[in-house]
Amino acid sequence: MVHSFLQHNLVTSLSILVLGFAMTTPQDRIVGVWQSTDNDLRVEMYTRNGQFHGRVVWFLCEYTDPPMDQHLDTENPDPALRNRPWLGMDTVENLTYRGNDEWSGGKVYDPNTGHTYDATVRMVTPNQLVVRGYWKLPMLGRSLRFNRVRSVPVQAHAISFKH
């Protein structure tokens with residue numbers, strides 16, 4: 001009886017997982033939390049008005065830095081935005097799904113420099129993205145790799161790591 005119960009629960013769980021994955025449209029596969037391969041940044045990708053955006057949900061703070069929630073967008077060229085916090089800030093905006101696991105037509109903002117670049121995102125595997133930020137031409141830019149984060153404890157968004 002216990003064996004039957006466990007078998008039923010396993011089949012039910014697997015069915016939900018498979019159906020959930022099957023119901024995800026190709027363009028929505030980008031939605032979720034992604035961590036840079038340098039392990040210093042996490043961005044949550046989400047949809048708004050049919051386009052894809054990404055907000056900062058965690059970043060590495062050195063022990064000499066202020067805590068995460070005190071980092072402000074001081075390099076922004078718009079003085080009115082220099083007091084907004086990095087945490088929760090959209091750094092990826094207005095991406096459109098183009099097919100073949102590629103999103104483009106949007107912008108990526110670097111709060112370290114205050115510069116905004118054109119952006120293309122390519123999903124190289126279901127759990128890895130390459131984000132290309134560039135100026136005018138894709139060859140005039142740089143790429144960052146991100147890995148999907150499976151599950152993130154709520155507390156992870158509010159702590160800083162010390163070296």
ask   = Are Phe59 and Met45 joined in one hydrophobic group, where the rule is that I, L, V, M, F, W and Y side chains link up if heavy atoms are under 4.5 Å apart?
value = yes

ask   = Out of curiosity, Asn76 CG to Asp110 CG, how far, rounded to the nearest 0.5 Å?
value = 11.0 Å

ask   = Any side-chain heavy atom of Trp86 sitting closer than 4.5 Å to one from Thr91?
value = no

query = Is there a donor-acceptor pair under 3.5 Å between the side chain of Arg42 and the backbone N or O of Gln35?
reply = no

ask   = How many angstroms lie between CG in Asp38 and CG in Leu60, if you round to the nearest 0.5 Å?
value = 10.0 Å

query = Does CZ belonging to Arg122 count more than 12 external heavy atoms closer than 6.0 Å?
reply = no

key: hydrophobic_cluster_shared for Leu95 and Met89, side chain cutoff 4.5 Å   = yes

query = Is any side-chain N of the basic residue among Glu44 and Arg55 closer than 4.0 Å to the acidic one's carboxylate O?
reply = yes

Close side-chain approach of Arg150 to Arg148, heavy-atom, < 4.5 Å = yes

request  = Any chance you could measure Phe52, atom CZ, to Ser104, atom OG, to the nearest 0.5 Å?
outcome  = 12.0 Å

task = Please tell me if the side chains of Tyr109 and Asp73 come closer than 4.5 Å, counting only heavy atoms from C-beta onward.
result = yes

Val56 with Val31, same ILVMFWY side-chain cluster at under 4.5 Å = yes

inquiry  = Which residue in the set Thr37, Asn127, Leu129 passes side-chain contact (heavy atoms from CB on, under 4.5 Å) when paired with Asn147?
reply    = Thr37

message = Contact between Leu87 and His71 at the side-chain level, heavy atoms closer than 4.5 Å - yes or no?
response = no

ask   = Can you find a pair of side-chain heavy atoms, one from Glu75 and one from Thr113, that are under 4.5 Å apart?
value = no

note = So OG1 of Thr47 and CD of Gln27: to nearest 0.5 Å the spacing works out to 9.5 Å

ask   = Can you name the closest pair of heavy atoms from Cys61 and Pro66 and give their distance?
value = SG-O, 3.8 Å

Common cluster, Tyr117/Trp103, ILVMFWY with side-chain heavy-atom separation under 4.5 Å = yes

task = Return the minimal non-hydrogen interatomic distance between Tyr97 and Pro26, and the atom names on each side.
result = OH-CB, 3.5 Å

query = With the threshold set at 4.0 Å, does a side-chain nitrogen-carboxylate oxygen contact exist between Asp90 and Arg48?
reply = yes

ask   = Do Thr116 and Glu93 have side-chain heavy atoms sitting under 4.5 Å apart?
value = no

request  = For residues Thr96 and Arg98, determine if any side-chain heavy atom of one lies less than 4.5 Å from a side-chain heavy atom of the other.
outcome  = yes

note = In short, Pro77 meets Arg82 closest at the heavy-atom pair O-NH2, 3.6 Å

task = For the pair Asn100 (side chain) and Glu102 (backbone), establish whether a donor and an acceptor sit closer than 3.5 Å, ignoring hydrogens and angles.
result = no

task = Check whether any side-chain heavy atom of Phe146 lies under 4.5 Å from a side-chain heavy atom of Val121, and answer yes or no.
result = no

task = Flag yes if Val92 and Val130 sit in one hydrophobic cluster, no otherwise; membership is Ile, Leu, Val, Met, Phe, Trp, Tyr, and two members link when side-chain heavy atoms are under 4.5 Å apart.
result = no

request  = Any pair with a residue in residues 27-48 that passes ring pair (Phe, Tyr, Trp, His ring centres under 6.0 Å), sequence neighbours left out, goes on the list, sorted by first then second residue, please.
outcome  = Tyr46-His53

